[in-house]
Amino acid sequence: MIQVTLKDGSIREVEQGTTIGELAAAISRGLAKIAVAGKVNDKMKDLSYKLTENAAVEIVTIESEEGLDVLRHSTSHLMAQAVENLFPGTKLGIGPTIAKGFYYDFDSEHVFTPEDLTLIEKEMGRLAKEKYSYERREVSRAEALSYFGERGEKYKVELIEGLPEDVPISMYTQGNFTDLCAGPHLPSTTSIKAFKLMSLAGAYWRGNEKNKMLQRIYGTAFAKQSELEDHLFKLEEAKRRDHRKLGLELDLFSLHEEGPGFPFFHPKGMILRNALEDFWRQEHRRRGYQEIKTPIILNRSMWEQSGHWDHYKENMYFTEIDDQDYAVKPMNCPGGMIMYKTKLRSYRDLPLRVGELGLVHRHELSGALHGLLRVRNFTQDDAHLFMLPSQIKEELIGVIELVDSFYKVFGFEYNVELSTRPEDSMGSDEDWEIATKALQEALEDKGINYSINPGDGAFYGPKIDFHVKDCLDRTWQCGTIQLDFQMPEKFDLNYIGEDGQKHRPVMVHRVVYGSIERFIALLTEHYAGAFPAWLAPVQVRILPISERHHEYGKSLASLLNELDIRVETDERKEKISYKIREAQTEKIPFALVVGDQEAESKMVAVRRYGQGDAGQKMTIDEFIALVQEEIKSKKVLKGSQENA
RNA sequence: GCCGAUGUGGCUCAGAGGUAGAGCAGCUCACUCGUAAUGAGCAGGUCGUCGGUUCGAUUCCGACCAUCGGCUCCA
């Protein structure tokens, strides 16, 4: 007999050789039904795994995230089987699970079409009903190589050759299909019922653009059909929130063939932008920042000095002025350097916090452009902090707190990454080490969870990135804090220390919004276009019931306008229900219906966005107080943030 | 950049080898109306661009441009 420690801490005696599946059945029949795998001493194993010694065992059920991963992984094998049946000769790449599903990469003569997905799904359904079991077999390296070699599975062969010597090699077989796989898998295809193939895409073998491009099929699977439907519904909902769609509907911005990646901001989009910028200026002033503006185009020699000419050229735009080379700035830092050097600085002046809402241009790959989330020109809410080495930690913490306070105002969730030295970079190992450590310490001091993103730093220094989620759960980098020992060196920045000698200041680059454009995109999706009053392009719309109420409407509008409340009056000859409908579809926070009753009593009937039904009657003063309070508090409107 | 798909009036979309339609929006007229679409009429497109095939192309073919989904999550 051996002892197994279960998840709840209880200990059970079972016979040596008992499988995890049998253990689950011994615990309860219900558990056995939903068990898909087990964790033995924290390692994932099949249900058929035989327990041979004392161990901690956890039964993984299909209802857990890990259980879903097992289901999806097995579904990806099933898909590969279906593809091989339908398109013989297809070579297999890899087929892992991902956040909300799985994919499999194929190398096939046949170019898959959306119609093929339906065919493959049908074949998968047929195969699943065959109730094949997933059989695990451990093999020697030589056996694995010969098995896949004979079948011309060159990608699998490459994978096996790349495996470390001491790793056991396993293969899983269901029916006529065998794949190289570490597992675990479902006991059989029986529980694969709710799945869907989502989309087709090209993907380089091993993610390297020098390799062949394979065809990737994305799919997803759930334990129950209802969960799959729920997931698909959420995807539809997310599409409705897409900032590109809402940007058009709400008349915020547009993109044109005449300038791919160069967005046009419309009047309403500008109001949003300006509101964000005003808030930014106010918050930064309070925290001891000064604002500057530096030129967009600067001479080549300066870009050579900054290192951009050597390390960032592919992303830059160039021009010529009076036979000399110039470049359009892809970053704001050089302007900040030049500004710093305009006078002799004292240690007493530091830290110096210099902000700039700077328009930068970067040549992004055409395939990477994406609405306002990925553009070729954008405004960074940049700032450069010049400091004494002794001030580094305090300044970094100040920025971390600033970023956090901003994101809280908008109600954004975010995660933090620390990016380390990239291949193409400048500076000494020592400097990088010190800089990376300083960032790490600041994060740890604030007790912030972060992950490390190796090699993703800027060419001049490591960075902390703040990633915000969009409505499709994709994350986008917004805020970043970069510690830089290189630029001060390159530009020979100094300050006069207490000792009367020249010293090198340390510099931090940082952004909070990241790019105003990207932040607007994320806000649009986050609020589903129903911006809180302080951001709403139109805060109040007055809806006179008929022409004889226009005058009262006008007097109301001019009153609100005087108070800097953004107000419009809808004087079209339309029915009131039509005007209300439009005010709702445009997601205006407050709609005021005014007719005989209101005009006589000097009241307004307030209809709030998303709260439907008849408006609440209040005096003009009460309404003004309400709006002003809501603008001032930056309150998030009810109903605008429900999960997509 | 690479793989795949798409490109028809301001928007959403239908259509076919013989030079184009619908709904919404717009304009005009009538209705002056109480909380999510009043009715009628009018106007609007060299069918992404450039070539080729054809008696004839927006429809077929090719190139280019733009857009969309991907190209990170490692058997």
Side-chain angles (χ1 to χ4, degrees), chain A residues 73 76-77 80 92-100 102-105 111-114 116 144 148 153 155-163 167 169-172 179-183 198-218 239 242 244-245 248-249 251 254-261 314 363-371 451 453 456 472 474-475 543-550 572-586 591-598 605-617:
Chain A
H73 197 174
S76 96
H77 277 220
L92 303 172
I94 58 169
T97 58
I98 47 171
K100 298 237 158 108
F102 61 86
Y103 67 79
Y104 214 113
D105 286 343
V111 176
F112 296 120
T113 65
D116 292 336
F148 290 105
E153 292 285 4
Y155 302 102
K156 296 291 178 192
V157 168
E158 194 182 319
L159 288 170
I160 296 165
E161 282 166 350
L163 287 172
V167 174
I169 294 174
S170 55
M171 309 201 300
Y172 277 81
D179 197 359
L180 175 74
C181 186
M198 305 299 291
S199 60
L200 287 160
Y204 298 107
W205 168 237
R206 300 200 135 176
N208 187 335
E209 64 182 5
K210 293 196 177 78
N211 290 339
K212 179 160 183 185
M213 182 161 277
L214 309 181
Q215 300 185 70
R216 175 171 296 180
I217 301 179
Y218 283 93
K239 272 189 207 158
D242 192 306
R244 292 167 297 189
K245 183 170 143 53
L248 177 75
E249 287 170 6
D251 201 12
S254 56
L255 287 155
H256 303 273
E257 283 198 21
E258 289 82 350
E314 319 80 80
H363 182 75
E364 298 293 345
L365 292 178
S366 60
L369 301 178
H370 183 98
S451 52
N453 202 352
D456 207 37
L472 285 169
R474 290 175 297 208
T475 61
L543 314 176
I545 286 175
S546 75
E547 257 169 76
R548 67 175 180 278
H549 310 116
H550 284 185
R572 292 173 307 169
K573 285 163 58 178
E574 296 291 350
K575 280 173 69 175
I576 192 66
S577 54
Y578 183 80
K579 292 183 182 180
I580 285 166
R581 180 173 194 274
E582 293 227 317
Q584 293 293 300
T585 52
E586 289 174 41
L592 301 183
V593 175
V594 295
D596 289 337
Q597 294 166 29
E598 288 76 16
V606 182
R607 182 177 167 127
R608 315 253 338 228
Y609 174 78
Q611 299 190 10
D613 222 31
Q616 186 193 347
K617 289 255 170 66

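So that the names make sense, note that chain A is the first sequence line, chain B the second, and so on, each numbered from 1. A quick note: this is a predicted structure, and the numbers were derived from the prediction, not measured.
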Open item on the list: Please check this pair: side chain of A:Asp116 against backbone of A:Thr113, looking for a donor-acceptor N/O pair closer than 3.5 Å.
Closed with: yes
Open item on the list: Tell me the interatomic distance from A:Glu547, atom CD, to B:A30, atom P, rounded to whole angstroms.
Closed with: 11 Å
TODO: Please check if the side chain of A:Glu598 supplies one atom and the backbone of A:Gly595 the other of a donor-acceptor pair under 3.5 Å.
DONE: yes
Task: Sugar-phosphate, base or nothing in reach of A:Glu249, heavy atoms under 4.0 Å - done: nothing
TODO: Determine the interatomic distance between C1' on B:U6 and the same-named atom on B:A14; round to the nearest Å.
DONE: 16 Å
Open item on the list: Over all strands shown, is A:Ser577 touching base, sugar-phosphate only, or nothing at heavy-atom distances under 4.0 angstrom?
Closed with: sugar-phosphate
Open item on the list: Using a 3.5 Å distance criterion without hydrogens, assess whether the side chain of A:Lys156 forms a donor-acceptor pair with backbone atoms of A:Gly93.
Closed with: yes
Open item on the list: Can you identify which nucleotide, out of B:U35, B:G7, B:G34, has its nearest atom closest to the A:Glu598 side chain?
Closed with: B:G34
- [ ] Quickly work out the A:Glu582 CD to B:A37 C1' distance and round it to whole Å.
- [x] 9 Å
Open item on the list: Please tell me if A:His370 has a side-chain N or O lying less than 4.0 Å from either OP1 or OP2 of B:G70.
Closed with: no
- [ ] Can you tell me, in whole Å, how much space there is between the C1' of B:G48 and that of B:C65?
- [x] 7 Å
Open item on the list: Within the 4.0 Å heavy-atom criterion, would you say A:Ile94 contacts the bases, only the backbone, or no part of the nucleic acid?
Closed with: sugar-phosphate
Open item on the list: Taking any heavy-atom pair under 4.0 Å as a contact, classify A:Gly207: base, sugar-phosphate, or nothing.
Closed with: sugar-phosphate
Open item on the list: Could you tell me how far B:G21 sits from B:A16 if I compare only their C1' atoms? Round to whole Å.
Closed with: 11 Å
Task: Integer angstrom distance from the P of B:G45 to that of B:A40 - done: 24 Å
Open item on the list: Applying a 4.0 Å non-hydrogen cut-off, can you work out what A:Ile576 is touching in the nucleic acid: base, sugar-phosphate, or nothing?
Closed with: sugar-phosphate
Open item on the list: At 4.0 Å (heavy atoms only), tell me whether A:Arg206 reaches a base, stays on the sugar-phosphate, or touches nothing.
Closed with: nothing
Open item on the list: Between A:Ser76 and A:Phe102 (side chain of the first, backbone of the second, donor and acceptor by atom type, cut-off under 3.5 Å), is there such a pair?
Closed with: no
Open item on the list: Between B:G70 and B:A20, how far apart are the two P atoms, rounded to whole Å?
Closed with: 38 Å
Open item on the list: Please report the distance separating the C1' of B:C13 from the corresponding atom of B:C42, rounded so that it comes out in whole Å.
Closed with: 23 Å
TODO: Could you tell me whether A:Ala203 contacts a base, only the sugar-phosphate backbone, or nothing, with contacts defined as non-hydrogen atoms closer than 4.0 Å?
DONE: sugar-phosphate
- [ ] Quick one: label A:Asp179 by what it contacts on the DNA or RNA (base, sugar-phosphate, nothing), any heavy atom closer than 4.0 Å.
- [x] nothing
- [ ] Mind checking A:Lys156 for me? I need base, sugar-phosphate or nothing, with any heavy atom below 4.0 Å counting as a touch.
- [x] sugar-phosphate
Task: Minimum-distance nucleotide (side-chain atoms of A:Pro260 versus B:C74, B:A66, B:U32) - done: B:A66
Open item on the list: Nearest 0.5 angstrom please: A:Ile169 CD1 to A:Cys181 SG, how far?
Closed with: 13.0 Å
TODO: Give a yes/no on whether any side-chain N or O of A:Tyr103 is located under 4.0 angstrom from OP1 or OP2 of B:G69.
DONE: no
